[in-house]
S.K.: 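Here it is: the structure, laid out below.
In each ligand, atom 1 is the first atom listed, and ligand 1 is the first ligand listed. The figures that follow rest on heavy atoms only: side chains count, while hydrogens, waters and symmetry mates do not. These numbers were taken from a predicted model, which means no experiment stands behind them.
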Amino acid sequence: MNFQKVEEQVIIRDEIFAQKAEQLMPRLFEKVVKPVAIVNVNSDPHVIHGWKTEFQAPFRSLAERDFGKNDSFILDFGDHHVGYVSMSVRPVGSPPDAPLALKLTIGEMPVEMAVPFDSYDGWLSSSWLQEETIYVDVLPGVIKLPRRYSFRYIKVEIMATSPKYRVQFDHIECMAVTSADEAQVNNITHEDRLLEKLDEISIKTLADCMHEVFEDGPKRDRRLWLGDLRLQALANYETFKTNDLVKRCLYLFAAVPDQHGRIAANLFVKPQLIADDTYLFDYSLFFLSTLHDYYVVTKDAETLTELWPTAYNQVEHALNRLDENDILKDSPDWWSFIDWQEGLNKQTPSQGVLIYVLKQAIELGNILQVKEREYLQTRLKQIIAATKKHLWDEQKQFFISGNDRQISWASQIWMVSAGVLSAEEGKQLLNRLVEEKSAVGIATPYMYHHLVEALLIAGDRDKAIMEMKNYWGGMLSDGADTFWELYDPNDKTFSPYGSHLINSYCHAWSCTPTYLIRKYDL
Ligand code: RAM
């Protein structure tokens with residue numbers, strides 16, 4: 001990844017927008033959850049990552065056991081949770097004549113309980129791996145772990161007691177938190193049990209990612225990314241209807257543009273609001289898209305009017321990247337996200353995103369009756385014409401991308417979603433794609449979402465359902481409690497970060513089956 005800075009970032013902070021966002025701080029719902037079992041973790045080459053858990057004893061039996069140096073146990077909370085963990089521990093034997101030292105490893109997946117974190121050698125910081133070393137000076141005592149964790153399992157290793165005492169544990173629990181209001185969700189029953197399950201797990205995934213902002217993943221990166229926000233918002237409208245949280249996130253982004261008015265790809269909100277210095281072509285445009293979708297659902301004209309200039313600014317920046325042929329300039333840096341697929345050329349999928357968002361900009365422009373709408377109409381026509389002329393390979397019958405004329409799934413998917421072709425042509429194009437073995441594929445649930453939605457836009461409902469069931473259903477068969485950041489059915493150890501230990505196993509951009517099922521009445 002090329003993180004080289006091109007230019008110093010200067011943030012032009014809008015205090016009024018920042019305050020609006022602050023006032024929309026959501027209420028957090030809390031729930032106490034307890035472990036259900038003590039488990040073993042065993043190697044098994046037939047399961048994902050090669051590790052699985054196995055029931056050892058009910059959780060209540062823990063209170064009857066005592067532990068000394070080098071003992072350990074693994075707790076299973078039975079489901080994925082996000083929250084604050086505490087436990088009480090008491091000594092047995094002689095008075096404790098030395099502190100108790102514990103190592104805790106907290107994980108979403110069995111592999112995190114089995115593979116030592118110091119073996120991790122990926123390029124993202126190892127500090128995302130959830131572990132703690134704790135010294136308890138006064139026993140009995142209550143240990144409150146210092147961070148918020150995202151997990152199902154906790155491994156407790158007793159590093160040291162003393163030869164004179166051992167320890168017993170009870171009252172281990174987690175205060176699970178979310179800003180999602182479960183009471184708002186209309187549960188659906190579906191004759192297809194798998195679709196019903198996909199809906200349920202999507203909702204759980206979304207809830208576990210909803211905190212003071214829509215986080216991308218509660219284990220990692222625990223922050224607000226625009227591309228994730230757009231999809232979370234869509235799923236939220238169909239389920240929790242926490243629309244003010246979408247509004248808050250829009251104001252947060254709009255509060256910290258850079259000196260050119262550009263919106264960052266992601267934000268930090270602690271210790272105060274900070275825009276990250278990553279700018280991505282598609283993510284900036286999705287500010288407009290998220291505003292569009294928010295307006296369609298809420299009809300909140302005040303927010304639309306206030307945030308339109310910020311949204312329009314992203315379109316202007318995007319249009320500036322077009323060359324004299326009205327085709328986006330390509331470059332070897334990380335200029336647009338699209339997907340984590342290795343070797344993917346971003347030019348044509350990004351052109352598809354531009355067209356998709358331009359159409360939404362025109363819709364909003366018409367509602368607001370702004371003068372820019374005619375200009376946008378003209379540019380849209382020109383850009384679609386240029387796309388068909390320069391990016392469509394008549395002989396191959398595919399959109400091509402970059403100097404090497406790459407044929408990728410992402411390019412075809414975004415062109416169909418952008419409505420560059422008729423529904424029938426789109427359907428045929430996506431059908432042809434399956435046969436084209438040399439096409440560059442897709443790597444994330446984020447991009448699979450766009451595949452399924454492109455199939456629905458093209459009217460290929462059966463195929464859309466099939467793809468969704470195969471992909472997200474595959475995660476379920478592989479043991480998902482919440483949907484994952486990354487899943488490649490052909491390479492289940494896939495990670496763009498150099499190790500699947502650091503992958504997030506509850507990830508917002510994976511929560512869209514509930515949106516697809518409910519919105520399209522699947
Ligand atoms: C990863 C995260 C995040 C995503 C970015 C582009 O860091 O998965 O969700 O939006 O990539």
S.K.: Indicate, as side chain, backbone, both or neither, the part of L280 found under 4.0 angstrom from ligand 1 when only non-hydrogen atoms are considered.
M.R.: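 Neither; nothing of L280 gets under 4.0 Å from ligand 1.
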
S.K.: Would you compute the distance between atom CG of L307 and atom CG of L250 and round it to the nearest 0.5 angstrom?
M.R.: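 Answer for the CG-CG pair, L307 versus L250, is 6.0 Å.
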
S.K.: Would D228 count as a polar contact of ligand 1, with the cut-off being nitrogen or oxygen pairs under 3.5 Å?
M.R.: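 Right, the criterion is met.
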
S.K.: What residue and atom, counting heavy atoms only, is the protein's closest point to atom 6 (C) of ligand 1, and at what distance?
M.R.: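 Atom 6 (C) of ligand 1 sits closest to the protein heavy atom Y283 OH, 3.5 Å.
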
S.K.: Between the side chain of S504 and the main-chain N/O of P218, is any donor-acceptor distance below 3.5 Å?
M.R.: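 No; zero donor-acceptor contacts below 3.5 Å.
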
S.K.: Report the distance from atom CG of N266 to atom CG of L226, rounding to the nearest 0.5 Å.
M.R.: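 With rounding to 0.5 Å, CG (N266) is 9.0 Å from CG (L226).
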
S.K.: Indicate yes or no: does an N/O atom of W509 lie under 3.5 Å from an N/O atom of ligand 1?
M.R.: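 Checking ligand 1 against W509, no N or O pair falls under 3.5 Å apart.
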
S.K.: Using a 3.5 Å cut-off on N or O atoms only, is W334 in polar contact with ligand 1?
M.R.: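 No, there is no polar N/O contact under 3.5 Å.
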
S.K.: Has Y446 got any heavy atom lying under 4.0 angstrom from an atom of ligand 1?
M.R.: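 For ligand 1, residue contact (heavy atoms, under 4.0 Å) with Y446 is absent.
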
S.K.: Would you mind telling me which of S350, S408, S401, S411 makes a side chain to side chain donor-acceptor pair (under 3.5 Å) with N345?
M.R.: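 Filter result, single survivor: S401.
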
S.K.: Can you see which heavy atom on K241 is nearest to which on Q184, and at what distance?
M.R.: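 Heavy-atom minimum between the residues: NZ-O, 3.2 Å.
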
S.K.: Any idea which protein heavy atom is nearest atom 7 (O) of ligand 1, and the distance to it?
M.R.: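 For this ligand atom, the closest protein heavy atom is D221 OD2, 3.0 Å.
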
S.K.: Would you mind running through ligand 1 and noting each atom that sits below 4.0 Å from a heavy atom of E485?
M.R.: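 Contacts of ligand 1 toward E485, numbered from 1: 1 (C), 2 (C), 8 (O).
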
S.K.: Mark up the atoms of ligand 1 that fall under 4.0 Å of a heavy atom belonging to Y497, in ascending order.
M.R.: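 Taking each heavy atom of Y497 in turn, ligand 1 has 1 (C), 7 (O), 8 (O) under 4.0 Å.
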
S.K.: Looking at D244 and R248, is there a salt bridge between them, counting it only when a charged N and a carboxylate O are closer than 4.0 Å?
M.R.: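 Result for this pair is no, no salt bridge flagged.
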
S.K.: Check the surroundings of atom CD in E15: do more than 12 heavy atoms from other residues, nucleotides or ligands lie under 6.0 Å from it?
M.R.: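 Counting neighbours around CD of E15, more than 12 heavy atoms of other residues, nucleotides or ligands fall under 6.0 Å, so yes.
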
S.K.: Which atoms of ligand 1 sit under 4.0 Å from any heavy atom of D216?
M.R.: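 Near D216, meaning under 4.0 Å from one of its heavy atoms, ligand 1 has 2 (C), 3 (C), 9 (O).
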
S.K.: Would you mind listing which atoms of ligand 1 come within a distance below 4.0 Å of any non-hydrogen atom of R220?
M.R.: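 Close to R220: 1 (C), 2 (C), 7 (O), 8 (O).
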
S.K.: Name the residue from K219, Q130, R152 that meets the side chain to side chain donor-acceptor pair (under 3.5 Å) definition with E112.
M.R.: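 In the set K219, Q130, R152, the residue that makes a side chain to side chain donor-acceptor pair (under 3.5 Å) with E112 is K219.
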
